[in-house]
Structures are given as structure tokens and as C-alpha cells.
Amino acid sequence: MVYETKNQWSKHRETILIIRFLTSVAQTEPKCYTVEEAVESISFGRFHILLFVIMGSANIVEAMEIMLLAVVSPEIRCEWHLEDWQVALVSTMVFLGFMVCGVLCGYVADKYGRWKVVFGGFIWAAYFSLLTSFSPSYDWFIFLRCMVGCGVAATSQGFVLKTEFIPSKYRASLLPLASIFWMLGSMLIIILGMTVVPTMGWRWMIRFSIIPSIILIGLFMFIPESARFQVSAGNIQEALSTLNWIARMNGTTLPEGELREPETERGNAITLINPAFRRTSLLLWYSWFVASFSYYGSVLSSSELLEKNLLCMTDADAEHQIKHNQEEALCYCIPFNMADYQTLLISCLGEVALIPLNIGMLNIFGRKPSLAILQLLSAFFFMLVNICTTMFGFTVLLFLLRSVVSMNFNVVYIYTAEVYPTSVRSIGMGFCTSFSRVGGMIAPFIAQVLMSKSVILALSPFAITCVICAVGVAFLPIETRGRALLVSIFTFPPTVLKTDFH
């Protein structure tokens with residue numbers, strides 16, 4: 001090449017030097033990887049089995065504390081001569097504690113760590129549950145159960161901790177399987193009701209029910225803090241130590257290079273209602289409300305129908321007054337018989353019987369279509385329960401209803417954990433669970449108070465809210481199937497952000 005002037009040669013030489021410098025910098029720049037890449041590289045192994053068993057067992061504790069209400073209701077109704085609204089208030093107070101503490105626990109989990117919140121929740125729930133068994137009066141009972149609800153709200157953050165360790169391609173398969181543990185907890189409390197209540201009373205049933213919590217307090221020491229949280233908090237070395245320990249346990253290695261990820265702002269509830277998440281948050285809050293409203297509606301409705309023998313009765317008020325009138329005061333001293341317990345046990349099996357279908361729907365249709373389909377099915381089976389049928393037919397309908405409402409809860413849990421970034425995942429889950437407990441607070445007054453007046457009038461609100469929710473799900477702007485968990489709002493692809501702005 002011939003240069004006409006010395007100035008041209010000088011400029012060309014400068015360009016060459018710059019290119020060489022940039023090339024040398026690129027060659028010497030160390031390789032980097034994110035927590036997401038590390039989790040995917042480690043893949044599934046022994047650690048995840050341990051995580052699945054221990055964190056799944058947390059669902060046993062949560063299920064026992066919540067399902068205990070359905071079993072103990074006939075006993076406290078009789079002991080303290082309670083009316084329908086007083087029995088319903090017991091469940092409402094539990095969910096009130098869950099709602100109030102749900103947001104607080106989510107904020108603390110995003111600020112100080114998931115592990116601390118879940119561990120504290122185990123201790124809190126076990127302690128106040130034990131105190132419940134010594135309740136001298138109805139007022140003390142509902143106050144202590146409200147405190148138990150606070151502990152259960154903290155343990156529910158274990159779902160976030162579990163989700164943040166599971167590779168994306170396994171989430172749709174593993175997370176629904178947690179229903180097995182919920183079913184085991186539900187069945188365990190029913191079995192305790194069958195064996196302990198008739199001989200030793202409901203107080204000893206509650207005392208035996210806290211044994212799993214005590215065991216879990218020890219086992220939880222084997223679960224580390226979320227590496228995603230550690231990175232979001234700027235604790236890179238702690239996150240690296242956690243990931244190395246998991247990799248060794250799984251017999252794999254971390255990617256080459258250094259763990260690098262920018263520190264992100266944490267625990268900011270305003271993010272949930274900013275333009276990027278406003279529609280998602282509002283629709284999720286209603287979806288969680290309906291998920292809880294329909295689930296506990298199905299549980300408490302079945303318990304009420306069996307206890308008061310309201311099957312095939314569209315207007316049971318007259319029969320209600322005659323059958324349960326005792327000593328000139330309403331005292332429903334009609335405990336569950338063995339057939340009632342068996343019906344409740346079979347209905348619990350419905351929560352896991354269709355898990356393969358749940359997993360298939362998540363992988364084939366995605367999260368949003370699965371939510372809509374399950375909500376419509378829930379509405380359909382709620383109305384079918386009103387049909388006058390035999391005990392066998394009622395058991396089958398109850399089995400199918402519990403299946404679809406349980407699957408719906410699984411999907412909404414998974415979608416919520418996937419759609420929010422790490423920086424607000426726990427507080428986002430906390431707000432959602434709090435809205436779900438509003439549904440849990442209302443459900444007892446529909447299922448346990450209104451049911452005595454009219455079965456169809458009590459079941460219709462559950463069906464209607466499910467249909468409305470199915471329509472609302474169609475407006476969720478993001479499908480999370482196969483998508484990596486986000487670190488912060490700024491990790492959204494521009495096209496995704498644009499679809500959620502409104």
C-alpha cells in the first residue's frame with residue numbers, strides 16, 4: 001500500500017495499534033459466568049434430591065397446620081358450643097396471620113435471605129401450634145392459630161429457595177411433585193384424627209402434629225442459602241462457595257472463569273407495580289386469591305357436607321335445626337365417623353393422582369394456558385358437587401375437584417416464581433400469598449356458614465370466581481415456559497418489556 005502523505009501513514013498506524021490493543025485485552029479478559037449459567041451447568045443431582053425431600057417436607061408441615069382446621073372443627077364446635085360463624089372465624093384468623101406476615105416475610109427474605117425466614121418459620125409455627133393444644137378458651141384458640149398462620153407464611157418462602165436452585169428444564173417436572181408432600185401432610189393429619197381424636201382428644205392430635213416440624217428444624221441445616229440471593233446481595237464469595245459445594249455433591253464442576261453478576265437493588269415493593277410488572281402483578285394477585293379461595297373452599301365444603309350430612313339437600317336449614325339441636329342450644333356434637341375420614345383420605349389422593357397430567361400440561365401448553373384450563377375445570381366440578389348423588393359419586397367428584405384445584409395452585413406457584421426477578425422474587429411471592437390468604441379468609445364463611453342455608457348458593461361463588469380468573473389469565477403478558485430466571489427487571493429483553501408496558 002502506498003501512502004500519499006506522512007499524515008495518512010500515521011493515522012493508519014494508530015488504527016493498527018488500537019486494534020492490536022483491543023485484541024490483546026479481549027484475549028486477557030477472564031471468562032465469566034452468571035449464577036443462572038452455574039445452576040444450569042451443575043444440572044440435576046444428589047443435592048437436588050436432598051433439596052426436594054427436605055423442602056418438600058416443609059409442605060407436609062404447612063399442609064398439616066392448614067388441614068388441621070377441617071379435622072378439628074367438629075371437636076371445638078362441640079367443646080365450646082360454637083355457632084357456624086365462630087367455627088369459620090378459626091380458619092379466617094389463621095389466614096389473617098398468613099396474610100399479614102406474608103408480605104413482611106417476603107420483604108425480610110429479599111433483604112436478609114430466604115434461609116433465615118424459612119428456618120424461623122419452622123420454629124415459630126411449631127411453638128405456637130404446641131401452645132394451641134393448651135388453649136383454655138375459644139378466644140385463646142383463635143389467637144394462637146393466628147400466630148401459627150404467621151409461621152406458615154414464613155415457611156412458604158421455602159418454595160422460592162427451592163425454585164432458585166432448580167435448573168429451568170426440571171422446574172416444570174419437579175415443582176408439581178411437591179404436591180406429594182402436601183398430600184402426605186393432609187393424609188397424616190386425617191389419620192391422626194382417625195386414631196388420636198376418638199381416644200385421646202383433639203389436643204393430643206395437635207401435639208403429635210408438630211413432630212414433623214421438630215424433625216425439619218434439624219434437617220434444614222443441610223440446605224444452604226440461595227446463591228441467587230447471595231449474588232443479588234453482593235456476596236459473590238458466599239455464592240461461589242455455595243455453588244462449589246453443590247457441584248461437588250452432584251459430581252460436576254462449575255463453568256470456567258469467574259462468577260460475576262452486578263449487584264441489584266433488593267426488596268423494593270414498588271417494582272411490583274411499576275409499568276413493567278403492573279398488569280402481571282394485578283392479575284397474579286387475583287389468580288392467587290382464586291387459587292386459595294377455591295382450594296380451601298373445596299376442603300371446607302367437603303368437611304361441612306360430611307359433618308352436617310347436607311348431601312342431596314338444596315335447602316338444609318330445617319334439617320340443620322332439627323338434627324343439631326341439643327339442650328335448647330345449637331351444639332353440633334357430631335364427630336366424623338370412619339366413613340367420613342375415608343372420604344377425606346380419598347379426596348386427598350386426588351391432589352397427586354393427576355400430577356403426570358399437570359406436568360404434561362406445563363411442558364406442552366405452558367403456564368398460562370394451563371392456568372386457564374384448570375380454572376374452568378374447577379368451576380365445572382364445583383357445580384357438579386351440587387348434584388344429588390351417592391356417597392361413592394360424591395367421593396369421585398370430590399376427588400376430581402381436589403385434583404384440579406391443587407394443580408391450579410401448583411401452576412400459579414411456578415409461574416409466580418418464574419416471572420419475577422431475583423431482586424423482588426420473595427417479596428413478589430409474599431404479596432401473592434397474602435392476597436391468596438384473603439381468599440382463605442373468605443372461604444370459610446361461604447363453605448361453613450352459607451352451606452347450612454343452601455348448598456348451591458355456597459358453591460356458586462367458587463365457580464364464578466374461577467371462570468373470571470380463567471378470562472383474566474389470558475391477559476397475562478409473559479409466558480415463562482423454558483425461560484431462565486431473571487436477576488433484575490433490567491435483564492428483560494426489550495421485546496418482553498414492551499409487551500408488559502401499558
Side-chain angles (χ1 to χ4, degrees), residues 33-59 61 102 104-125 151 153-168 170-171 174-175 178 216-250 252 254 258-268 417-418 420-430 433 484-488:
Y33 62 89
T34 63
V35 176
E36 178 70 28
E37 291 167 341
V39 169
E40 298 296 331
S41 176
I42 293 171
S43 191
F44 183 82
R46 286 185 298 173
F47 167 76
H48 295 91
I49 296 174
L50 178 69
L51 176 73
F52 181 75
V53 172
I54 294 178
M55 296 310 303
S57 298
N59 289 341
V61 173
L104 177 62
C105 290
Y107 175 80
V108 174
D110 275 331
K111 193 76 173 176
Y112 301 104
R114 286 78 159 112
W115 191 95
K116 298 180 182 69
V117 171
V118 179
F119 184 72
F122 285 137
I123 298 175
W124 182 284
T155 61
S156 67
Q157 288 295 329
F159 188 87
V160 174
L161 179 61
K162 179 171 56 178
T163 301
E164 292 183 341
F165 278 122
I166 298 177
S168 59
Y170 294 100
R171 288 199 296 266
L174 287 177
L175 297 179
L216 269 175
I217 290 172
L219 291 178
F220 197 63
M221 296 296 182
F222 294 97
I223 301 299
E225 178 59 88
S226 167
R228 294 179 191 269
F229 164 77
Q230 290 169 334
V231 166
S232 71
N235 300 324
I236 302 296
Q237 289 304 315
E238 291 182 16
L240 185 60
S241 177
T242 298
L243 293 171
N244 272 317
W245 179 74
I246 297 172
R248 289 195 302 271
M249 193 170 182
N250 283 7
T252 59
L254 295 177
E258 298 179 6
L259 177 62
R260 286 190 182 180
E261 209 154 326
E263 184 176 347
T264 58
E265 187 176 346
R266 297 170 288 130
N268 188 353
E418 291 178 336
Y420 285 125
T422 301
S423 56
V424 290
R425 185 168 295 123
S426 281
I427 197 168
M429 185 70 77
T433 55
L485 293 181
L486 302 174
V487 176
S488 72

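Listed here is the closest heavy atom pair of Thr242 and Ala227: CG2-CB, 4.4 Å. When every heavy atom of Ser226 is checked against every heavy atom of Phe165, the shortest pair comes out as CA-CZ, 3.7 Å. Between Gly121 and Ala154, the shortest heavy-atom distance links the atoms CA-CB, 3.5 Å. For the pair Leu243 and Ala38, the tightest heavy-atom approach, listed with the atom from each and the gap, is CD1-CB, 3.8 Å.
Here the straight-line distance linking atom CG of Asn244 with atom CE of Met249 works out to 14.5 Å at 0.5 Å rounding. For the atom pair NZ of Lys162 and CD1 of Ile54, the computed distance is 12.0 Å after rounding to the nearest 0.5 Å. From Asn250, atom CG reaches atom NE2 of His48 across 6.0 Å, with rounding to the nearest 0.5 Å. Summarising the geometry, atom CG belonging to Leu161 is positioned 13.5 Å from atom CZ belonging to Phe119; distances are rounded to the nearest 0.5 Å.
Using modelled atom types, no side-chain atom of Ser241 and backbone atom of Gln237 make a donor-acceptor pair closer than 3.5 Å. The backbone N or O of Asn235 sits nowhere less than 3.5 Å from a side-chain atom of Gln230 that would complete a donor-acceptor pair.
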Check step by step if side chain to side chain contact (heavy atoms under 4.5 Å, CB included) holds for Val108 and Lys116. CA-CA 9 Å; Val108 174; Lys116 298 180 182 69; over 6 Å; no
Can Phe44 and Ile166 be said to form a side chain to side chain contact (heavy atoms under 4.5 Å, CB included), step by step? CA-CA 7 Å; Phe44 183 82; Ile166 298 177; 6.0 Å; no
Between Leu254 and Leu240, is the side chain to side chain contact (heavy atoms under 4.5 Å, CB included) condition met? List the steps. CA-CA 9 Å; Leu254 295 177; Leu240 185 60; 3.8 Å; yes
Does Val61 form a side chain to side chain contact (heavy atoms under 4.5 Å, CB included) with Leu216? I'd like the steps, not just the answer. CA-CA 9 Å; Val61 173; Leu216 269 175; 3.4 Å; yes
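Within 6.0 Å of atom CH2 in Trp124, 12 or fewer heavy atoms from other residues, nucleotides or ligands are found, so the atom counts as exposed in its surroundings.
Taking the six-membered ring for Trp and thresholds of 30 and 60 degrees, Phe220 and Phe122 have ring planes more than 60 degrees apart, a perpendicular arrangement.
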